[in-house]
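Inspection log for the structure reproduced underneath, given as structure tokens.
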Amino acid sequence: MKTQVAIIGSGPAGLLLGQLLHLSGIDAVIIEQKNRDYILQRIRAGVLEQGTVSILDRARVSERLHREGLVHTGFDVCFAGQRQRLDLEKYADGKTVVVYGQTEITRDMMDAREASGAITVYDAENVAIHDFESDHPRVTYTKDGKDFQLTCDFIAGCDGFHGVSRKSVPTSAIKTFEKIYPFGWIGVLSETKPVSDELIYANHESGFALCSMRSPTRSRCYVQCALTDTIEDWPEEKFWKALKQKLDPETAADLETGPAIEKSIAPLRSFVTEPMRFGSLFLAGDAAHIVPPAGAKGMNLAASDIHYLSNALIEHYTSGKKDKVSLDQYSHKALARVWKTERFSWWMTSLLHTLPENGELGTKLQRAELEYVFQSDAAQAMWAENYVGLPL
Ligand code: FAS
Ligand code: PHB
């Protein structure tokens, strides 16, 4: 089989790239190791930056998002028994965020891709990439026991942190940067009314918590947990009790609890790959970087990578000159935004989580910073402009 762009991975990055290329008449085949149902049962991100919404608009996959997404003009922070609101609209020049689950965006993009007739190979095994240092890269895979080869002009590695793309690059050609945080998040999805119309982040000496949502009747909440914990260590009763402990008394009293319809533990890490391009291979999304989820940036960063990569590929194929200038600039452009977003995600994680190694002094410094933030327009503007998303 032959295509112009071989995309590895059918998550948000791969699907968005496939859709943007399709709209420009560029052929792309997605090779995915799982199947549609497996991908759609994964519960992940929930908050979209305004820039991500504009990219989804450009990809013509945002109709349901505008109908069902929840526009948020701010969020609350609980600390020291109080609850303060950060007004995004005021401090980020009128910008807002939209709460609309990654699962739903993935569903919308899968539906659009099926309607377009573009090819996605699901349940692909033994996916391997070859000759990406040449102008004739290729992908091999097994499907239903038969071996296949896909020849292409370019390969987009959109296969996430554990994918094959980044791992196929010789260690001499790649540099990685990593911080693994000494805690994780236990997340619970429940058919319970969200305790607030907007998100509530909580800093408490017993740990971090977050009250988010997926709809006016479906909550998505998180509590900081030990890296060694398993979901068996967290029956719902223990989860809701730990969450209430971290909220101000009034909010805790209002919290509606209920059974989990999904429960999962996510480790937290900061991770960056440099560069993000190797000959005909381009890495995008979690394949190239991971952010701790406190800043709600993971999927948004995948979208901005695809914004840059799709523009460069479209320019290459439509410029007539087979121009490669933009392709040559992809890694530099994407990494400039990746590093700023990594910094913000690290900052929010460090500010809101309990870090045992920092002791009581660390807790006091966190509290002092939170009190300073809510007394400072400049500090709130910094938080707001990063949270709504830096310019693309
Ligand atoms: P993805 O990992 O979503 O997609 C990669 C795709 O490639 C997958 O479908 C995978 O099956 C496929 N693949 C992997 N290896 C392959 C191979 N060898 N061959 C073929 N296909 C292969 N972000 C937030 O903003 N907020 C959150 O709360 C949040 N929570 C998260 C919780 C968890 C457990 C995880 C893992 C991530 C979370 N994230 C969160 C980040 C997440 O949303 C990612 O940023 C987002 O999924 C990135 O999208 P992709 O880059 O497309 O990678
Ligand atoms: C979510 O709704 O899953 C979510 C929201 C904000 C975050 C992280 C996760 O910072």
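We count ligands from 1, going down the list as the structure has it; atoms in each ligand are counted the same way. Atoms considered below: every heavy atom in the structure, side chains included; atoms not considered: hydrogens, waters and symmetry mates.
Not a single heavy atom of Arg220 sits less than 4.0 Å from an atom of ligand 1. Residue contact check for ligand 1: Tyr222 places a non-hydrogen atom closer than 4.0 Å to it. Between Cys158 and ligand 1 there is a heavy-atom distance shorter than 4.0 Å.
Not less than 6.0 angstrom separates the ring centroid of Tyr181 from the ring centroid of Trp346. Taking the ring centroids of His316 and Phe154, they lie under the 6.0 Å cut-off. For an aromatic pair to be called close, the ring centres must be under 6.0 Å apart, and Phe278 with Phe132 fails this. Between Tyr308 and Tyr330, the ring center distance fails the sub-6.0 Å criterion.
Seen from the ring of Tyr141, Lys143 does not count as a face-on cation partner, given the 6.0 Å and 45° thresholds. Cation-pi contact between Lys340 and Phe344: absent, since separation from the ring centre below 6.0 Å together with deviation from the ring axis within 45° is not met.
Comparing heavy-atom distances from atom 23 (N) of ligand 1 across Gly160, Gly11, Ala45 singles out Ala45 as nearest. In the candidate list Ala296, Gly157, Gly285, Pro12, Pro12 is nearest to atom 49 (O) of ligand 1, counting heavy atoms. Between the choices Lys34, Glu125, Glu32, His162, the shortest heavy-atom distance to atom 12 (C) of ligand 1 belongs to Glu32. When Asp159, Ile306, Ile265 are ranked by how near their heavy atoms come to atom 7 (O) of ligand 1, first place goes to Asp159.
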Show the numbers, then the answer: is there a salt bridge (Lys or Arg N to Asp or Glu O under 4.0 Å) between Lys95 and Glu89? CA-CA 5 Å; Lys95 287 186 180 171; Glu89 204 161 33; over 6 Å; no

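Looking from atom 21 (N) of ligand 1 to the surrounding protein, the closest heavy atom is Gln33 N, 3.2 Å. Closest to atom 34 (C) of ligand 1 among all protein heavy atoms lies Ala266 CB, 3.9 Å.
Residue-ligand proximity, Val164 to ligand 1, at heavy-atom distances under 4.0 Å covers atoms 18 (N). Close approach to Ile8 involves these atoms of ligand 1, each under 4.0 Å from a residue heavy atom: 19 (N), 20 (C). When each atom of ligand 1 is checked for a heavy atom of Gly298 under 4.0 Å away, the hits are 23 (N), 24 (C), 25 (O), 45 (O). Remark: ligand 1 atoms within the under-4.0 Å shell around heavy atoms of Gln102 are 3 (O), 42 (C), 43 (O), 46 (C), 47 (O).
The residues lining ligand 2, counting any heavy atom closer than 4.0 Å, are Arg44, Gly46, Val47, Trp185, Leu199, Tyr201, Leu210, Ser212, Arg214, Arg220, Tyr222, Pro293, Ala294, Ala296.
For a threshold of 3.5 Å applied to N or O pairs, the pair formed by Gly163 and ligand 1 contains no separation below that value. The shortest N/O to N/O separation between Met299 and ligand 1 falls below 3.5 Å.
Among residue pairs with one or both ends in residues 193-223, those qualifying as ring pair (Phe, Tyr, Trp, His ring centres under 6.0 Å) are Phe75-Tyr201, Trp185-Phe208, Trp185-Tyr222, Phe208-His353; sequence neighbours excluded.
Contacts of Asp286 with ligand 1, taken as heavy-atom pairs under 4.0 Å, involve both backbone and side chain. Heavy atoms of Arg42 found under 4.0 angstrom from ligand 1 belong exclusively to the side chain. Heavy atoms of Leu15 found under 4.0 angstrom from ligand 1: none, in either backbone or side chain.
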